[in-house]
Number of protein chains: 2
Amino acid sequence: MKTIRVVIVDDQELVRKGFKLIISSFSGMAVAFEAESGGDLLQQLKAKTIRQLPHIILLDLSMEGMDGVETSKFLAKNYPNIHVAILSMHFTPAIVNLMISLNACAYFKKNTNSTELEKGLRKIAEKGNYFTEEVYEMIRKGNINHSNAKKEVINEDLLTERERQVLDLICQEYETKEIAEMFDLGIRTVESHRRNLMVKTKARNMAGLVIYAISNNLFNPSKSNKISKLI
Amino acid sequence: MKTIRVVIVDDQELVRKGFKLIISSFSGMAVAFEAESGGDLLQQLKAKTIRQLPHIILLDLSMEGMDGVETSKFLAKNYPNIHVAILSMHFTPAIVNLMISLNACAYFKKNTNSTELEKGLRKIAEKGNYFTEEVYEMIRKGNINHSNAKKEVINEDLLTERERQVLDLICQEYETKEIAEMFDLGIRTVESHRRNLMVKTKARNMAGLVIYAISNNLFNPSKSNKISKLI
DNA sequence: TTTCCACTCCGTAGTAACACTTAAATATGT
DNA sequence: ACATATTTAAGTGTTACTACGGAGTGGAAA
């Protein structure tokens, strides 16, 4: 079992330390690092290598400077494979709805107990999302448009993190050379990832890779603007 | 406006003639041909060129030999771009559900009046599906799993029929040469279709075409078996 | 410590896809 | 019968992708 790397983003140091202690006590989980703001988070992320990137980011909504909403948008765009779990005091349908549409995979209230938190984090690592009973309640009441919600990923383990990154860009029509430049890799490296992706997914070509990605919720077509406009 | 070509499949000649008269009276619609059974239909379809193929097949469920269910399966697999509308006396959730999961785009009761039929046929030609108030009622009551239902196509007119056929096969990972063989065309012809598809959809490569097809419900990923099995 | 795996990269080669242009045959609608 | 759209196809490239084998590094797990 791989260690689940979690990052805590909150402007209050006491909150960060508290969550760090709690999460560290969960077996197979570790707090990779902490950040006190969105900007701080991005700066630290940028300095990390691929295998230092967290699997899950616990993101506080109310922060100085770049707040949770802005940060979420940025993460969804630039780190699509990192799961973003929201941590907030506020719990209204409007804000939950917004965050879920911004690709958040979970929404925890700040007074969540450690059992619930552990369960949630494990579910996120396992299948990509986790909804608390309270969020489900909102969905049932129709207060949340869960059509935009992050979908469960069927087989989270088949592909490695780098492979998922590459797959995401393939689905966005980038070609090998461009992907290599974006990650600052050699073309041959990206070609290797591509080949391994095809072997693992039993795809014959790019079309197969895209179908796989969409079928397994590794890529959301709505990220692309390929939907014909209504006249 | 293109003429909407409809085909009627029913084992009773009187029913066929009746529907033929009714449909012929709708402006911009014509009955391309009739068939008295599933086998008969397939035989006649095989003899048609691409531009003689019907847009919509009105399919009776209760027939001798190859029945409506079998025929639907075959059509979904071999003529994915022809809209199949079911025509039946039976109207139970079970059977409606089955047919919708088999890619039927509409379900008419046999005593449907001509106004409703005309409206339905036009909607099908325009956006790919049509649900009567009764079917909606079933969906509302939860008797129908409409997640498998044929989705609305946003822009039905952008692509030609041949282009849609080619696009479908591209999404199934066939390469140009194979597609050419399947339709008995030259490779350069398929390359032309491919090129036109890319221009029309503003795609850079196959990945873009697949994303377009899925985003606009021209291809259903579930047709592919790329969903990772749960362990 | 050693094994394992993810990530990185190279060489060589063949093939499919992509780019751009042109244009004839064939239906279709009016 | 005429204008229009679709389908078919060709020439002539260039580029990107696919295939296969091999290999070094560093980090994490056993």
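All chains are named by letter (A, B, ...) in the order of the sequence lines, taking the proteins before the strands, and each is independently numbered beginning at 1. Values below: all heavy atoms of this structure, side chains included; hydrogens, waters and symmetry mates excluded.
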Integer-rounded Å distance: [N] [atom2] and [X] [atom1]:
X: B:Leu197; N: C:dC18; atom1: CG; atom2: C1'; result: 13 Å
X: B:Leu158; N: D:dT6; atom1: CG; atom2: P; result: 10 Å
X: B:Arg51; N: C:dT28; atom1: CZ; atom2: P; result: 6 Å
X: A:Lys48; N: C:dA6; atom1: NZ; atom2: P; result: 22 Å
X: B:Leu169; N: C:dA17; atom1: CG; atom2: P; result: 12 Å
X: B:Ile179; N: C:dA16; atom1: CD1; atom2: P; result: 12 Å
X: A:Leu209; N: C:dA17; atom1: CG; atom2: P; result: 14 Å
X: A:Gln52; N: C:dA6; atom1: CD; atom2: P; result: 17 Å

Answer with yes or no whether the side chains of B:Glu181 and B:Tyr174 bring together a donor and an acceptor at under 3.5 Å.
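Short answer, no.
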B:Asp168: what forms a salt bridge (charged side-chain N to carboxylate O under 4.0 Å, His left out) with it, not counting sequence neighbours?
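So B:Asp168 forms a salt bridge (charged side-chain N to carboxylate O under 4.0 Å, His left out) with B:Lys223.
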Those residues that, when tested against A:Lys119, pass salt bridge (charged side-chain N to carboxylate O under 4.0 Å, His left out) (two or more places apart)
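Per chain and number, A:Lys119 pairs via salt bridge (charged side-chain N to carboxylate O under 4.0 Å, His left out) with no residue.
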Using atom types as modelled and distance alone, determine if a side-chain donor or acceptor of A:Asn217 lies under 3.5 Å from a backbone N or O of A:Glu152.
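Checking the backbone N and O of A:Glu152 against the side chain of A:Asn217, a donor-acceptor pair under 3.5 Å is found.
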Using heavy atoms to find the nearest nucleotide of DNA chain C for B:Thr49 and B:Ala207 separately, return the residue whose nucleotide is more 5′.
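That would be B:Ala207.
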Would you say that B:Ile23 contacts B:Ile8 through its side chain, given a criterion of any heavy-atom pair below 4.5 Å between the two side chains?
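B:Ile23 reaches B:Ile8 side chain to side chain.
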Find out whether A:Leu42 and A:Met66 are in side-chain contact, i.e. whether some heavy atom of one side chain is under 4.5 Å from a heavy atom of the other.
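Yes, at least one pair of side-chain atoms sits under 4.5 Å.
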N/O contacts under 3.5 Å, protein versus nucleotides 15-17 of chain D?
{"from": "D:dA16", "atom 1": "OP1", "to": "A:Glu175", "atom 2": "OE2", "distance (Å)": "3.0"}
{"from": "D:dC17", "atom 1": "OP1", "to": "A:Arg194", "atom 2": "NH2", "distance (Å)": "3.2"}
{"from": "D:dC17", "atom 1": "OP2", "to": "A:Thr176", "atom 2": "N", "distance (Å)": "3.1"}
{"from": "D:dC17", "atom 1": "OP2", "to": "A:Thr176", "atom 2": "OG1", "distance (Å)": "2.8"}

At less than 4.0 Å, is any side-chain N or O atom of B:Arg195 found next to OP1 or OP2 of C:dA19? Yes or no.
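Answer is yes, contact under 4.0 Å.
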Please tabulate, one pair per line, each protein N/O and nucleotide N/O from nucleotides 8-10 of chain D that are separated by under 3.5 Å, including the distance.
{"from": "D:dT8", "atom 1": "OP1", "to": "B:Arg162", "atom 2": "NE", "distance (Å)": "3.4"}
{"from": "D:dT8", "atom 1": "OP1", "to": "B:Arg162", "atom 2": "NH2", "distance (Å)": "2.4"}
{"from": "D:dT8", "atom 1": "OP2", "to": "B:Arg162", "atom 2": "NE", "distance (Å)": "2.7"}
{"from": "D:dT8", "atom 1": "OP2", "to": "B:His193", "atom 2": "NE2", "distance (Å)": "3.1"}
{"from": "D:dA9", "atom 1": "OP2", "to": "B:Gly186", "atom 2": "N", "distance (Å)": "2.6"}
{"from": "D:dA9", "atom 1": "OP2", "to": "B:Thr189", "atom 2": "OG1", "distance (Å)": "2.6"}
{"from": "D:dA9", "atom 1": "O5'", "to": "B:Thr189", "atom 2": "OG1", "distance (Å)": "3.0"}
{"from": "D:dA9", "atom 1": "N7", "to": "B:Ser192", "atom 2": "OG", "distance (Å)": "3.2"}
{"from": "D:dA9", "atom 1": "N6", "to": "B:Ser192", "atom 2": "OG", "distance (Å)": "3.3"}

Mind checking if B:Glu161 touches a base, just sugar-phosphate, or nothing, with heavy atoms under 4.0 Å?
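Answer is sugar-phosphate: B:Glu161 comes under 4.0 Å of backbone atoms only.
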Atom pairs and distances, donor-acceptor, side-chain atoms in residues 46-59 of chain B, under 3.5 Å, two or more places apart:
{"from": "B:Thr49", "atom 1": "OG1", "to": "B:Gln52", "atom 2": "OE1", "distance (Å)": "3.4"}
{"from": "B:Gln52", "atom 1": "OE1", "to": "B:Thr49", "atom 2": "N", "distance (Å)": "2.9"}
{"from": "B:His55", "atom 1": "ND1", "to": "B:Arg5", "atom 2": "N", "distance (Å)": "2.8"}
{"from": "B:His55", "atom 1": "NE2", "to": "B:Glu161", "atom 2": "OE2", "distance (Å)": "3.0"}

Ionic contact status for B:Arg188 with B:Glu191, cut-off 4.0 Å:
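Yes, B:Glu191 and B:Arg188 are salt-bridged.
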Would you please name every residue forming a ring pair (Phe, Tyr, Trp, His ring centres under 6.0 Å) with B:Tyr107, sequence neighbours left out?
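With sequence neighbours excluded, B:Tyr107 shows a ring pair (Phe, Tyr, Trp, His ring centres under 6.0 Å) to B:Phe91, given in chain and number order.
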